Structures are given as structure tokens and as C-alpha cells.
There are 2 protein chains.
Amino acid sequence: MMLSAVMEDYIKAIYHLHKENEERVRTSEIADELDVTAPTVTSMLDKLEERNLIERKKYKGVSLTAHGKRVALEIIRHHRLLEAYLTEHLDYSWAEVHEEADRLEHHISDEFVTSIAAALDDPETDPHGDPIPNSTLELPDGGPGIALSEFEEDTIVIVEQVSDRDSEVLEYLADHEITPGTELTVREVAPFGMITVLAGDNDQPVSLPQHIAHHVRVATVEPAQVFY
Amino acid sequence: MMLSAVMEDYIKAIYHLHKENEERVRTSEIADELDVTAPTVTSMLDKLEERNLIERKKYKGVSLTAHGKRVALEIIRHHRLLEAYLTEHLDYSWAEVHEEADRLEHHISDEFVTSIAAALDDPETDPHGDPIPNSTLELPDGGPGIALSEFEEDTIVIVEQVSDRDSEVLEYLADHEITPGTELTVREVAPFGMITVLAGDNDQPVSLPQHIAHHVRVATVEPAQVFY
DNA sequence: TTTAGGGATTAGGGATGTCTAATTTAAGTA
DNA sequence: TACTTAAATTAGACATCCCTAATCCCTAAA
Ligand SMILES: [Mn+2]
Ligand SMILES: [Mn+2]
Ligand SMILES: [Mn+2]
Ligand SMILES: [Mn+2]
């Protein structure tokens, strides 16, 4: 059963939207995500249902079947391994990789995937901190972290993952050393939600509007790791 | 002007057939090369002509315009750099690279091309000995070599290039050390054209039917390089 | 319980790339 | 020169993926 690149993008979009919503994914959400019109989505959903990739309640939305989930995880594995490989071995900046990976993910063979995974020593996360499904498509455990926007002043946290969607934001974050692994100290939380942090070795604090801070996911530092 | 992957394959096919034939390339040749029917080719030729990629005399065949040639060389650069990169950095065998490169050549960005060219230190030939157009699309000079099938007994030659089309033949040649750079001694030329050579450090002679030997291109060894 | 509004689907059409069957053309042969 | 035949093109169709316009369905508010 060969899937087109377009079908794979629909499956991946449904998977990601599913994560965010828990519930069924609606036609209009998919249309927004993929920048197509609602009727286009409806007709694609017909085809995906025929192929047993999704389950559907008409007018109510869709969810992935076990088969659909496998396809999604395979594409996501491709995407994140590509991002890691481009960053590690081909000098791509942290902010540029997403677009290239989003195209190539549909066109690489199993052999290519195996080769880059081996060259990277089977990494567990991509450059943005997102988990990479292993060769049997299981996701490494470790929760999704907590949004930076949840924290109060004077908390110390470690960045686990940043959203890889907007490359301008990504560039801003990278420039200010807000990358997976960096320790952040929350300095100020403004009433309108803007959060100001001290990042890594940087002297200058960085301010992030709430909607940006929402896409930086962090872990709290264990007491044992804080040295007074 | 964005070209589809399919259009790019037509342009590349026309370029390669042009090389072999010198004359105009005919519909049926393209159909054979790309494994489609003649009417399919005709309708694609209409589109390529509209886009000024080919010149055409109806019922007589086509040739590439300057613009078409540039497109062809760009795809060929992608293809051969990919082959070199997959072989050098991702452990692909000499025989497996062609298929992967034939797909990816249409989907990589300029940035990707630049990165792999840099990682390879701007190579002049691919693993099969084919010349790689440089970043301004000029082919390095150095002729196409002479077919091994042209030589007589007791000649010493160096392999310059082998056809990368048939991966089984390629595997056979690689297994017997007939690769670009290897020195060959022609041992016997049978009346029906089969040629038997001693390759590299190998003790066992290797026999190649005429049609295979025709696709191994070699250079004669300069007198100065032969040590008595 | 009816109805308005918004989201989803159906209807119909366009572009791309492929096919088979029918027709036309070129070119060699008689 | 006329005929034959192989190659190329035209005609018409289908699958995929997209669109706009029209219609249908669900739900929440009156
Ligand atoms: Mn994609
Ligand atoms: Mn990522
Ligand atoms: Mn190709
Ligand atoms: Mn090659």
C-alpha cells in the first residue's frame, strides 16, 4: 500500500492535532493546518477512510486507526531524524531544518533512514527536543515537559523542547540561547503574561510574550541539582 | 518557473539520449527510457515546448534549448553529488546509490546541494566516474574515455567510468574490482567480442561480454606510467 | 421546539500525468 | 510515383489533488 506525499501530510497533521486536542480532529482544523479548503479535506478523508487509515463520524471529525498511527510515527521518525542529521552533519542551523525535513520525509527509503539513524547513533530527540520514534516506532518515554508560561518568578527550569513550527521565533530563541538543555531562571512574570528569563551563560535577560513562552516546554530542576 | 519531478525526469532523459545520439531525440526513445507510452511523451513534449525547455520539429524529434540544458545539468549535479555523498558518508554500496539519488535529486534544496558539495570538497566525479557539473553548471573537462570493448590483447588501461544504470552489472563489476581508478590488463579478446581482463590486485581474470565491456570506459596508460 | 449560524459535505470543474484506441504523417519500397 | 508500414500525434478517458459555489446537518439560543 503506497501512500502519496500528500496523504502522508494529512496523516501527520491529524496525528499532531490529535495530540493537542485529545478528541476527534475536525475538518476545519486539518484545512487550517495544511492550508487547503474544507472540501479538499473532506474528499481526502474519504480516501483515507477507504484505506483504513482513519475512523470517521461524518460531521463530527476523525481519528487515526492503529494503522494510521503507525504511518504517522514513521513519517515523524523520518522528519526528526532528518532534522537531527541536517543539524549534526550538514551544518544546518537549528532554525532552517524544518522546511527541508518536511519535504524529504516523504522521499527517503528505509535504507536511508537506517543509515542516518546509525550515523547519529540512534538519537532519542531531535534538535528541538522532540522525541524520535525508534525503529519499531515506539516513542522514548519522558513526558512532554511543562509550558514555560506556567511558571512563577524565581523558578529554575531546564528547557526540554521548543516548537519547531515558526523559524523566526526559533531563530530568536536560538540567538538568546534558549535551546533544549539550557537552564533558565524565571525573573519576572508580567500581568499580561510576558515572561522574562535569564538563559544559560547570558547576562542579558530575555523576554518572551505569553504565546511564545507557551511553546517552550521545560522540566523543573530537581532539588538535588540546585547547589546553594 | 517551478518544474515537477516528472518534468525534470523528461529533461534529464532527453539530455542523456542526446549525448548518445548527437541528433534529435525521438518520442519513442524517451518513452523507452522513462517506461511510459508514446502518447504520454507527446503530451509532455507539448508542455516542455510551451515552457521553452525544448525545441521541436513535429514528427522529427526534439532537442534541449539552452534553458533546458541548464535544467538537465542541475538535476545531473544533484544526482551525482547525492551518489557521491551516499557512498562516502552514508555507507551505501556502489551499486545501491542510483535508485536513491534518482528520487532525491528532485526534492533537495539549493542549500542541501551546497552542503553536501562542501562536505565532499566539491568532487569532480561521482562513484561511477561520471563528471559532476560544478556550481555554475560547467562540466569538468576530460573526455568520456574509450569503451573497454575497443581494446586489443595485452593492453593496459585504467578504468575511468562505468555505466550506473544496471545495479546487478554494477555489483558484479564492483565484486571483481572493476571500479574507476583500477588498472586493467586485457588478457584475451574472444571472436564474439567477450573480453577477459586482469583487474587490480586480483589474481583471477574476469570475463565481460561485449555489451558490458562497452559500458566500461577507460583511458590508456601513458608510456611514462608503465614501469618495465 | 423551532430556527439561525456555522461547519461539513456534495457538485462540478481545472491541472497534471498517465493510459488505450484511432488517426495521421514520414519515409522507404516497389 | 504509389503503396506500405512504422512512428507520432490526436482523441478521449481516468486517477489524484486542488478549487469555488451550493447544499446539508448539527447545535445552541430564543
Ligand atoms: Mn511533509
Ligand atoms: Mn523538530
Ligand atoms: Mn529522477
Ligand atoms: Mn552515477
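Remember, predicted model here, so these are calculated numbers, not experimental data. To find a chain, count down the sequence lines: A is the first, B the second, and so on, and within it residues start at 1. Below, each value reflects all heavy atoms present in this structure, side chains not excepted, and no hydrogens, waters or symmetry copies.
A donor-acceptor pair shorter than 3.5 Å can be found between the side chains of His128(A) and Glu83(A). Side-chain atoms of Ser109(A) and Glu111(A) form no donor-acceptor pair, as typed in the model, at a separation below 3.5 Å. A donor and an acceptor atom, one from each side chain of His79(B) and Asp126(B), are nowhere located under 3.5 Å apart.
The shortest distance between the side-chain N/O atoms of Ser4(A) and the OP1/OP2 oxygens of dC17(D) is below 4.0 Å. Close to dC19(D), at under 4.0 Å from its OP1 or OP2, lies a side-chain N or O of Thr40(A). At least one side-chain nitrogen or oxygen of Tyr10(B) sits closer than 4.0 Å to the OP1 or OP2 atom of dT18(C). For dT9(C), one of the phosphate oxygens OP1 or OP2 lies less than 4.0 angstrom from a side-chain nitrogen or oxygen of Arg56(A). Considering only side-chain N and O atoms, Ser28(A) lies nowhere under 4.0 angstrom from the phosphate OP1 or OP2 of dG6(C). OP1 or OP2 of dA8(C) has at least one side-chain nitrogen or oxygen of Arg26(A) nearer than 4.0 Å. One finds a side-chain N or O of Lys60(B) lying less than 4.0 angstrom from the OP1 or OP2 phosphate oxygen of dA27(C). Close to dT10(C), at under 4.0 Å from its OP1 or OP2, lies no side-chain N or O of Thr42(A).
For the pair Thr40(B) and Tyr10(B), the minimum side-chain heavy-atom distance is below 4.5 Å. Between Leu73(A) and Tyr15(A), some side-chain heavy-atom pair lies under the 4.5 Å cut-off. Using a 4.5 Å heavy-atom cutoff, the side chains of Leu53(A) and Leu3(A) are in contact.
Nearer to the 5' terminus of DNA chain D, by closest-nucleotide assignment, is the contact made by Lys57(B) (compared with the other of Lys57(B) and Asp35(A)).
The CE-P distance, from Met2(B) to dA15(C), rounds to 18 Å in whole Å. Rounding to whole angstrom units, CG of residue Asp46(B) and P of dT16(C) are separated by 12 Å. Rounding to whole angstrom units, CD of residue Glu50(A) and P of dC17(D) are separated by 12 Å. Distance Met44(B) CE to dT9(D) P: 14 Å, rounded to the nearest Å. dT16(C) atom P lies 12 Å from atom CG of Leu3(B), rounded to whole Å. Whole-Å rounding puts the Leu34(B) CG to dC19(C) P distance at 10 Å. Note: NE2 (His106(B)) to C1' (dG17(C)) measures 14 Å, nearest angstrom. For the pair Asp32(A) CG and dG7(C) C1', the computed distance is 12 Å after rounding to whole Å.
The side chain of Lys58(A) approaches dT9(C) more closely than any other nucleotide in the set dT18(C), dT16(D), dT9(C). Between dC19(C), dA8(C), dC19(D), one nucleotide has an atom nearer to the side chain of Val36(A) than all others, and that is dC19(D). Residue Tyr59(B) has its side chain nearest to dT25(C) when only dT10(C), dT25(C), dT20(D) are considered. Minimum atom distance to the side chain of Thr27(B) is reached by dA8(D), of the listed dA8(D), dT9(C), dC18(D). In the set dA21(C), dC18(D), dT9(C), the nucleotide with an atom closest to the side chain of Pro39(A) is dT9(C). Here the side chain of Met7(B) is nearest to one of dC17(D), dT9(C), dG17(C), namely dG17(C).
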